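In this chain, numbering begins with 1 at the start of the sequence shown. It should be emphasised that the depicted structure is a prediction, and the values quoted were computed from it without experimental measurement.
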Amino acid sequence: MTNITQPSDFLKIDQDSSPKCVRVCQNRTCKKQGAVKVLAAFTALPIPGVTVTASSCLGQCGNGPMVLILPDMVWYSGVQPDEVSLLIENHFLGGQRVKQMLYYRFHPQKES
C-alpha cells in the first residue's frame with residue numbers, strides 16, 4: 001500500500017529554509033510603469049541566496065511596478081529602480097519590510 005501525503009503536509013514549509021525569490025512583474029502595464037528597469041536594478045545588485053526572476057502578470061494591474069517576495073508573500077507596489085537598493089538593504093539584509101512601499105491591498109496600514 002502506498003503512503004499518500006496529506007495536503008496538510010504542504011502547509012508545514014519552513015520559510016527560513018525555503019529559497020527566497022524576487023518576482024518582478026513584466027506584463028504590459030507594469031512595463032509601462034518602469035518594471036524593466038526595476039528588474040535590471042535587482043539583477044545588477046545580486047543578493048546571496050536570492051533568485052530574481054521576471055514574472056508574468058501578478059494580477060494587480062495599475063499598481064506597479066509590482067514586486068513579490070517569496071516565500072514571505074510580501075508584496076511591494078510602485079517600486080522604482082532607485083528604490084531597489086533600499087528594498088535589498090532593509091528587507092533582505094536587515095529583515096525589515098519597507099513599510100512605505102508595501103502594497104496596501106495585502107498589507108493594510110495599521111492605525112496608530
(request) Kindly indicate whether the side chain of Phe42, heavy atoms from C-beta on, has any atom under 4.5 Å from the side chain of Ile88. (result) yes

(message) Membership question, hydrophobic clusters at under 4.5 Å side-chain separation (ILVMFWY): are Val50 and Met66 in the same one?
(response) no

(message) Taking Val67 as the starting point, is it possible to reach Val36 by hopping between hydrophobic residues whose side chains are less than 4.5 Å apart?
(response) no

(message) Please check: side-chain N/O of Gln26 versus main-chain N/O of Ser55, any donor-acceptor pairing under 3.5 Å?
(response) no

(message) With a 4.5 Å cut-off on side-chain heavy-atom distances among I, L, V, M, F, W and Y, is there a chain of contacts connecting Leu70 to Val52?
(response) no

(message) Using side-chain heavy atoms (C-beta onward) and a distance below 4.5 Å, is Leu102 in contact with Val74?
(response) yes

(message) Minimum heavy-atom separation for Cys25 and Ser56, please, with both atom names.
(response) SG-O, 3.9 Å

(message) By the ring pair (Phe, Tyr, Trp, His ring centres under 6.0 Å) test, which pairs, at least two apart or in different chains, include something from residues 54-88?
(response) Trp75-Phe106, Tyr76-His91

(request) Answer yes or no: is there a side-chain heavy-atom contact under 4.5 Å between Cys21 and Ile69? (result) no

(request) Verify the cluster assignment for Ile47 and Val24: are they in a single hydrophobic cluster under the rule of side-chain heavy atoms below 4.5 Å apart? (result) yes

(request) Determine whether Leu58 and Leu39 fall in the same hydrophobic cluster, where Ile, Leu, Val, Met, Phe, Trp and Tyr are linked whenever their side-chain heavy atoms lie under 4.5 Å apart. (result) no

(request) With sequence neighbours left out, write down each residue that passes side chain to side chain donor-acceptor pair (under 3.5 Å) with Gln60, or none if nothing qualifies. (result) Tyr103, Arg105

(request) Using a 4.5 Å cut-off on heavy atoms from C-beta on, say whether the side chain of Asp82 contacts that of Val84. (result) no

(message) Checking Leu45 against Ser85 for the side chain to side chain contact (heavy atoms under 4.5 Å, CB included) test, could you report, in this order, the C-alpha distance in whole Å, the side-chain angles of both residues, the deciding distance, and whether it holds?
(response) CA-CA 8 Å; Leu45 298 168; Ser85 61; 4.0 Å; yes

(request) Could you tell me whether the side chain of Val79 reaches within less than 4.5 Å of the side chain of Leu87, counting heavy atoms only? (result) yes

(message) Evaluate Arg97 against Asp72 for salt bridge (Lys or Arg N to Asp or Glu O under 4.0 Å), listing each step before the verdict.
(response) CA-CA 11 Å; Arg97 295 178 178 186; Asp72 306 347; over 6 Å; no

